[in-house]
Amino acid sequence: MILVLLGTFPTAFKRPLVEIDRLCRDGIINEKVIVQSGHTRFDSNYLDMRPFIAPDELTGLYKQARLVITQAGTGSLIKGMKLQKKIIAIPRLAKYKEVVDNHQEEILQEFAKQNYILPWTEDMALEDILPKVDAFEPTTYVSTKQNIIDHLEEYIDSL
């Protein structure tokens, strides 16, 4: 199963769905595709569209998924990375009014550089990325949150 996550930002994000739907229609994707569509409306005979999924159910779907295709928001990415999922990420772009700025491009570049994800940019075809998934071995995600907390505690204690 492929889990597709469009995020919960209150604007539509149809670009990935157009491509995924086409690949399903053309028989290139032959497995079930579940989409957490958020605020994106999209009619499809191939995609199981669900606007919002409860957190516990969503965690279960992450665990079941062979592949996660997601917008490049940190919440969706880090959850998948913690679960050691193979992830293809595509950034929402300001020029299409999918988001207010291009911070997702920066997140995508950084996480791809660290080998956590396979990037999908608008100059790339998903059809060309999918064959790379089986051989892709993502780097194990290690959170640096505790390092930041420790640093702040040390600073506060020094005051």
Report task. List the steps, then state whether side chain to side chain contact (heavy atoms under 4.5 Å, CB included) holds for Leu6 with Val35. Result -> CA-CA 8 Å; Leu6 301 183; Val35 179; 4.2 Å; yes
Query - Heavy-atom neighbours of Asp43 CG exceed 12 at 6.0 Å - result: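 No - once you tally the heavy atoms of other residues, nucleotides and ligands closer than 6.0 Å, there are 12 at most.
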Query - Neighbour count >12 (heavy atoms, 6.0 Å) for atom CG, Asp26 - result: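 For Asp26, atom CG is crowded (more than 12 foreign heavy atoms under 6.0 Å).
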Which atom of [X] lies closest to which atom of [Y], heavy atoms considered:
{"X": "Leu77", "Y": "Ala89", "result": "CD2-CB, 3.6 Å"}
{"X": "Pro10", "Y": "His39", "result": "CA-CD2, 3.4 Å"}
{"X": "Pro119", "Y": "Ile129", "result": "O-CD1, 3.5 Å"}
{"X": "Ala112", "Y": "Ile117", "result": "N-CG1, 3.7 Å"}
{"X": "Ile87", "Y": "Gly80", "result": "CD1-C, 3.6 Å"}

For the atom pair [atom1] ([X]) and [atom2] ([Y]), what is the distance rounded to the nearest 0.5 Å?
{"X": "Lys63", "Y": "Leu58", "atom1": "NZ", "atom2": "CG", "result": "11.5 Å"}
{"X": "Asp48", "Y": "Ser37", "atom1": "CG", "atom2": "OG", "result": "9.5 Å"}
{"X": "Lys32", "Y": "Gln64", "atom1": "NZ", "atom2": "CD", "result": "9.0 Å"}
{"X": "Phe13", "Y": "Thr40", "atom1": "CZ", "atom2": "OG1", "result": "8.0 Å"}
{"X": "Leu47", "Y": "Asp21", "atom1": "CG", "atom2": "CG", "result": "5.0 Å"}

Report task. Report the C-alpha separation of Gln36 and Glu57 in whole Å, then their side-chain angles, then the decisive distance to 0.1 Å, and conclude whether the side chain to side chain contact (heavy atoms under 4.5 Å, CB included) test is met. Result -> CA-CA 11 Å; Gln36 180 177 313; Glu57 181 183 359; over 6 Å; no
Contact between [X] and [Y] at the side-chain level, heavy atoms closer than 4.5 Å - yes or no?
{"X": "Arg92", "Y": "Phe9", "result": "yes"}
{"X": "Thr11", "Y": "Lys97", "result": "no"}
{"X": "Asn102", "Y": "Pro91", "result": "no"}
{"X": "Ile90", "Y": "Arg15", "result": "yes"}
{"X": "Phe111", "Y": "Met81", "result": "yes"}
{"X": "Gln114", "Y": "Gln109", "result": "no"}
{"X": "Phe136", "Y": "Asn115", "result": "yes"}
{"X": "Thr74", "Y": "Ile107", "result": "yes"}

Query raised in the report: Is the NZ or CZ atom of Lys85 both under 6.0 Å from the centre of the six-membered ring of Tyr62 and within 45° of that ring's axis?
Result: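 No.
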**Report entry** Flag, side chain of Ser76 to backbone of Thr70, donor-acceptor distance under 3.5 Å
**Finding:**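 Absent.
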Requested in this report: Taking Gln104 for its side chain and Ala72 for its backbone only, find out whether a donor-acceptor pair lies under 3.5 Å.
Outcome: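 Indeed, once roles are kept as given, a pair shorter than 3.5 Å links the two residues.
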Under a single-linkage definition using a 4.5 Å side-chain heavy-atom cutoff for Ile, Leu, Val, Met, Phe, Trp and Tyr, are [X] and [Y] assigned to the same hydrophobic cluster?
{"X": "Leu3", "Y": "Ile28", "value": "no"}
{"X": "Leu83", "Y": "Ile88", "value": "no"}
{"X": "Val33", "Y": "Met1", "value": "no"}
{"X": "Leu67", "Y": "Leu108", "value": "no"}
{"X": "Val133", "Y": "Leu5", "value": "no"}

**Report entry** Audit row: Gln84, Tyr141, side chain to side chain donor-acceptor pair (under 3.5 Å) steps and yes/no
**Finding:** CA-CA 8 Å; Gln84 299 179 325; Tyr141 175 71; over 6 Å; no
Requested in this report: Check the pair Met49, Phe42 against side chain to side chain contact (heavy atoms under 4.5 Å, CB included), reporting the backbone distance first and the verdict last.
Outcome: CA-CA 8 Å; Met49 303 291 291; Phe42 186 83; 3.8 Å; yes
Query - Ion pair Glu127/Arg22, N-O distance below 4.0 Å - result: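 Judged by the 4.0 Å cut-off on N to carboxylate O distance, Glu127 and Arg22 do form a salt bridge.
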Query - Residues Glu19 and Lys14 bridged, charged N to O under 4.0 Å - result: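 No.
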Requested in this report: For Trp120 and Ile69, run side chain to side chain contact (heavy atoms under 4.5 Å, CB included): C-alpha distance rounded to whole Å, both residues' side-chain angles, the deciding distance at 0.1 Å, then the answer.
Outcome: CA-CA 9 Å; Trp120 177 14; Ile69 300 175; 3.9 Å; yes
Query raised in the report: Tell me, which pairs form a salt bridge (charged side-chain N to carboxylate O under 4.0 Å, His left out) where one or both residues lie in residues 128-142, sequence neighbours left out?
Result: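 Of all non-adjacent pairs touching residues 128-142, those that pass salt bridge (charged side-chain N to carboxylate O under 4.0 Å, His left out) are Arg66-Asp134.
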